[in-house]
Amino acid sequence: MNRAKLVMGSCFAVALALLAWGCSGTAGPATQLSPTKAEHQAGWIQIHWAEYVKTPDQCRTCHGSTSDPAAAGGISKVSCFTCHPKGINHPAGWADPAQHGRLGAQLAPSTDPTAMAGFAHCAKCHGSTYDNGLTTSCKSCHTKAPHPDRPWLGATLATPSHVNTNVANAPECFKCHANGANSVLKPATPAPAGTAPGCFNATMCHGRTVN
């Protein structure tokens, strides 16, 4: 290797180290970057949201604004809006129960990070019991969470009712209602252990019929 290539290689390595150091300035241990590649560790995309919730500023150091698309990208040139075109945080009007409540209950969980649908998506930040997560407890507003008192049975889609809950959210219901627990209804013959939770398969309150 000639001297010029050695110098260029050394400079490149130093530049990467400086970039990694700069991007890590406000980051926690989980977000430290590789000193040689200036990138997050493998699998980061699956867990990055949790670190953002803990300390949003650590992402802004490298990725720029998380609220203004025009100012996003930062020194990494990777904008959060590339994957989150509607923004990182909840959209305007989200505090309305008709928005977040209905989307949580009446839509199926989605692997699309922008969908904000299904109870499982809420649980990512608000916790498995909705009061033990990384951010605001749902029970700070919903004192009857996870749902109102019985009968929680409305006649129309406009009325809060458990019959409007998307069946794909059944695993969340199963946490409290396995084999009819915490319910006046119990299946005559519980489903075999390991059966996927469902509304009408005797894993929770109902058998194959509504009774």
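Predicted model only: the values in this text are computed from it and were never measured.
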is_close_aromatic(His100, His126), centroid dist under 6.0 Å: no

With heavy-atom distances below 4.5 Å as the criterion, would you say the side chains of [X] and [Y] are in contact?
| X | Y | answer |
| --- | --- | --- |
| Asn182 | His177 | yes |
| Lys186 | Asn179 | no |
| Glu51 | Gln58 | yes |
| Trp152 | Thr165 | yes |

Aromatic ring pairing Trp44/His48, orientation class (parallel under 30°, perpendicular over 60°, tilted between): tilted

Can you name the closest pair of heavy atoms from [X] and [Y] and give their distance?
| X | Y | result |
| --- | --- | --- |
| Gly104 | Cys122 | CA-SG, 4.2 Å |
| Ala120 | Asn169 | N-OD1, 4.5 Å |
| Ala168 | Pro109 | CB-CD, 3.7 Å |
| Asp131 | Lys139 | OD2-NZ, 3.5 Å |
| Pro190 | Ala188 | CD-O, 3.9 Å |

Roughly how far, to the nearest 0.5 Å, is the [atom2] atom of [Y] from the [atom1] atom of [X]?
| X | Y | atom1 | atom2 | answer |
| --- | --- | --- | --- | --- |
| Glu172 | Thr129 | CD | OG1 | 10.5 Å |
| Met116 | Lys124 | CE | NZ | 9.5 Å |
| Leu134 | Cys125 | CG | SG | 6.0 Å |
| Trp49 | Lys54 | CH2 | NZ | 9.0 Å |
| His121 | Leu107 | NE2 | CG | 11.0 Å |
| Asn166 | Gln106 | CG | CD | 9.0 Å |

With sequence neighbours excluded, residues passing side chain to side chain contact (heavy atoms under 4.5 Å, CB included) with Ser65: Ser67, Asp68, Ala71

Any donor-acceptor N or O pair under 3.5 Å, side chains [X], [Y]:
| X | Y | answer |
| --- | --- | --- |
| Tyr52 | Asp57 | no |
| Asn201 | Thr203 | yes |
| Asn132 | Ser128 | yes |

Co-members of the apolar cluster containing Phe119 [side chain, <4.5 Å]: Tyr130

Residues which pass side chain to side chain donor-acceptor pair (under 3.5 Å) with His63, listed by chain and number, not counting sequence neighbours: Ser76

Heavy-atom donor-acceptor pair, Ser183 side chain to Gly180 backbone, under 3.5 Å: no

